[in-house]
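Everything below concerns the one structure shown next.
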Amino acid sequence: AMASVSPCAEISPRARHRRRRGFAVLAFLAGGAPRSPSYGAAGLTLPYVERPTRLGQSELYSPIPLGLGTWSWGNKLLWGYDESQDASIAATWRAAVDGGVVFFDTGDSYGTGRLEGRAETLLGACRASSPKQNKRLIYGTKLAAYPWRLTPDAFVAALRASLERFGTSKIEVAQAHWSARNYFPPQDRAILEGLARCYEAGLCDAVGLSNFGPVALREAAAFFGDRGVPIALCQVQFSLLSTQPEDTGLLDVCRELGVTPVAYSPLALGALAVAGNDDHSQRPAGPRGFLFDQVLPGATALTGVIRDVARERGKTPAQVCLNWTIKKGCLPIVGARTPARVRENLGACGWRLSDAEVAALDAAAKRVTKKATQNIFMTE
């Protein structure tokens, strides 16, 4: 006889995955499985079920390997933000939540000029609009290593200011936006100690890093390990036009240390989203348009492969490029300000590129003559 289980009993992420996988198999047997690539001569179609992603050493889980970034929320210079977009931004957040996204990333420096911190404020308003959802959502903010933040308490104070903009007393992940290793190494100790104190004060559930290379990540992991502070993630610029994290072995170090690599700019500021598209009207004006003009002419082999894979798969170029980062073991965070963009990005989940497709994309990426500009704060 089967033991009865209370419907209110605690279910582990692994058990949830097994249950979902069982449902998927039943759906397949019933003929209602979602369409996915065919296997074998008989054309057997098997459903792909996403496994929940544990964020590093934390107890935080994302049901799908995709997050929403908010760099453009408040940024006039690069992204052309205007306050009139706020309603669309709120709808974008809602579309992401409805689509299964639980990880939302922001930073206290997001927003230009007087709008600094605007992204946190907007995300906080979204959070307040649906309190019942918050138990399952994961918010992370990055604290800028400004030159005047020279003490651990300065970073604690910075997080408290972020929490005030969020309208909450605690956030899931507090992160260092960058390391000071390249220009003022002594500040790194204050950054790490400040994050540890944030965790110990109960201001966050875990800590994270951004733009830390393999050497800096190992040192940070040793520091936090001694303090018993869980590292959830390490954010890095990673795309088919920016493969440095894989080339330097950072992704391998993340796997070794049990830290989730989060890929930011996985579409290279949108350049890869228009891969293979001859319609130049889709290329933005301003700094991003300049980047497109600098990078894309030397990436024709890559964009051709992206276009071919997208056509064969029935996907968009953006979905192919995002799936490539997922296949590499990353959780990509993608910026969006419209529900339509979110829905397109969600199409990167629920399937996987084949090893042959990844190899073809990798080979084409190596032939790119000019890569995307690297973040100057990225360390060794």
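A ring pair (Phe, Tyr, Trp, His ring centres under 6.0 Å) check over residues 309-349, counting only residues at least two apart or in different chains, returns the pairs Phe238-Trp324. Annotation: salt bridge (Lys or Arg N to Asp or Glu O under 4.0 Å) contacts involving residues 206-215, sequence neighbours excluded, are absent. Legend: salt bridge (Lys or Arg N to Asp or Glu O under 4.0 Å) pairs involving residues 188-202, not counting sequence neighbours, sorted by first then second residue: Asp153-Arg197, Glu193-Arg197, Glu193-Arg227, Glu200-Arg227. Judged as a salt bridge (Lys or Arg N to Asp or Glu O under 4.0 Å), the pairs with a partner in residues 322-343 (not counting sequence neighbours) are, in order, Glu246-Lys328, Lys327-Asp355, Lys328-Asp362, Arg341-Glu344. The salt bridge (Lys or Arg N to Asp or Glu O under 4.0 Å) pairs that include a residue from residues 121-143 are Asp105-Lys142, where partners are two or more places apart or lie in different chains.
Listed by chain and number, the residues in a ring-ring contact (aromatic ring centres under 6.0 Å, His included) with Phe184 amount to none (sequence neighbours excluded). When the salt bridge (Lys or Arg N to Asp or Glu O under 4.0 Å) test is applied to Glu380, no partner is found at least two apart in sequence or on another chain. For Asp205, the side chain to side chain contact (heavy atoms under 4.5 Å, CB included) partners at least two apart in sequence or on another chain are Leu60, Lys170, Glu172. Every residue meeting the side chain to side chain contact (heavy atoms under 4.5 Å, CB included) condition with Leu77, not counting sequence neighbours, appears here in chain and number order: Asn75, Thr112. A search for side chain to side chain contact (heavy atoms under 4.5 Å, CB included) contacts involving Ala271 returns Leu241, Ala268, Phe292, Leu296, not counting sequence neighbours. Scanning for salt bridge (Lys or Arg N to Asp or Glu O under 4.0 Å) contacts around Lys370 gives an empty result, with sequence neighbours left out. Residues satisfying the side chain to side chain contact (heavy atoms under 4.5 Å, CB included) criterion with Asp82, sequence neighbours excluded, are Lys76, Ser84, Gln85.
Atoms CG and OG, from Leu123 and Ser162 in turn, are 11.0 Å apart once rounded to the nearest 0.5 Å. Between the SG atom in Cys198 and the CG atom in Leu143 there is a gap of 6.5 Å [rounded to 0.5 Å]. Rounding to the nearest 0.5 Å places OG1 of Thr338 at 10.5 Å from CD1 of Ile89. Rounding to the nearest 0.5 Å gives a distance of 9.5 Å between CG of Leu115 and OG1 of Thr121. Rounded to the nearest 0.5 angstrom, Leu353 CG and Lys315 NZ are separated by 10.0 Å. Taking CD1 from Ile231 and CZ from Phe223, the interatomic distance works out to 10.0 Å, rounded to the nearest 0.5 Å.
Residue Val101 comes nearest to Leu66 through the heavy atom pair CG1-O, 4.0 Å, listed as atom of the first residue, atom of the second, then distance. The two residues Cys254 and Cys234 have their closest heavy-atom pair at SG-CB, 4.3 Å. Heavy-atom minimum distance, Ser239 versus Leu267: CB-N, 4.5 Å. Nearest heavy-atom pair across Arg165 and Gly117 is CD-O, 3.6 Å. Of all heavy-atom pairs spanning Leu163 and Ser169, the tightest one is CD1-O, 3.5 Å. Counting all heavy atoms, side chain and backbone alike, Ala95 lies closest to Leu346 at O-CD1, 4.4 Å.
Looking at Ser62, its side chain never comes within 3.5 Å of a backbone N or O of Val102 through a donor-acceptor pair. Under the 3.5 Å distance criterion, the side-chain polar atoms of Asn211 are matched with a main-chain donor or acceptor of His177. Distance alone, capped at 3.5 Å, is enough to place a donor-acceptor pair between the Gln187 side chain and the Tyr146 backbone. The backbone N or O of Ala190 lies less than 3.5 Å from no partner atom in the side chain of Thr151, so there is not a single donor-acceptor pair. Side-chain atoms of Thr325 come within 3.5 Å of backbone N or O of Leu322 as a donor-acceptor pair. For Gln57 (side chain) and Leu257 (main-chain N/O), a donor-acceptor pair under 3.5 Å exists by modelled atom type. Checked by atom type and distance alone, the side chain of Arg118 never pairs as donor or acceptor with a backbone atom of Leu122 at under 3.5 Å. No donor-acceptor pair closer than 3.5 Å links the side chain of Thr70 to the backbone N or O of Trp73.
You'll find the side chain of Leu137 reaches within 4.5 Å of the side chain of Trp93, heavy atoms only. Side-chain contact between Glu357 and Arg313 is present, with at least one heavy-atom pair separated by less than 4.5 Å. Between Phe104 and Cys126 the shortest side-chain heavy-atom distance does not fall below 4.5 Å. With contacts defined as side-chain heavy-atom distances shorter than 4.5 Å, the pair Ile326/Pro332 qualifies. At a threshold of 4.5 Å between non-hydrogen side-chain atoms, the residues Leu250 and Met378 count as touching. Taking 4.5 Å as the limit, every side-chain heavy atom of Leu209 sits out of range of all side-chain heavy atoms of Gln235. Between Phe224 and Leu192, some side-chain heavy-atom pair lies under the 4.5 Å cut-off. In this structure the side chain of Leu361 reaches within 4.5 angstrom of the side chain of Val320, judged on heavy atoms.
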| task | For the pair Ser242 and Gln374, evaluate side-chain hydrogen bond (donor to acceptor under 3.5 Å, both in side chains) and give the outcome as yes or no after the intermediate values. | result | CA-CA 7 Å; Ser242 180; Gln374 297 299 304; 2.9 Å; yes
| message | Go through it in stages, so that I can follow the logic: the residues are Trp351 and Asn323, the test is side chain to side chain contact (heavy atoms under 4.5 Å, CB included), and I'd like the CA-CA distance, side-chain angles, deciding distance and then a yes or no. | response | CA-CA 8 Å; Trp351 61 284; Asn323 196 275; 3.6 Å; yes
| Stepwise side-chain hydrogen bond (donor to acceptor under 3.5 Å, both in side chains) check, Gln237 with Gln244 | CA-CA 8 Å; Gln237 181 181 340; Gln244 185 183 45; over 6 Å; no
| task | Run the numbers on Trp79 and Tyr81 for ring pair (Phe, Tyr, Trp, His ring centres under 6.0 Å), then give the verdict. | result | CA-CA 6 Å; Trp79 296 99; Tyr81 166 79; over 10 Å; no
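A donor atom on one side chain and an acceptor atom on the other are found under 3.5 Å apart for Ser130 and Arg94. A donor-acceptor pair shorter than 3.5 Å cannot be found between the side chains of Thr106 and Glu120. Checking Tyr48 against Arg352 by side-chain atom types alone, a donor-acceptor pair falls below 3.5 Å.
Relative ring orientation between Phe377 and Trp178 is described as parallel, the plane-to-plane angle staying below 30° on a 0-90° scale split at 30° and 60°.
The pair Arg181-Glu219 counts as a salt bridge, with a side-chain nitrogen and a carboxylate oxygen less than 4.0 angstrom apart.
Hydrophobic clustering (side-chain heavy atoms under 4.5 Å, transitive across Ile, Leu, Val, Met, Phe, Trp, Tyr) keeps Leu150 apart from Phe155.
Sparse packing is recorded around CD of Glu312, with 12 or fewer heavy atoms of other residues, nucleotides or ligands lying under 6.0 Å away. Heavy-atom neighbours of Phe290 CZ from other residues, nucleotides or ligands within 6.0 Å: at or below the threshold of 12.
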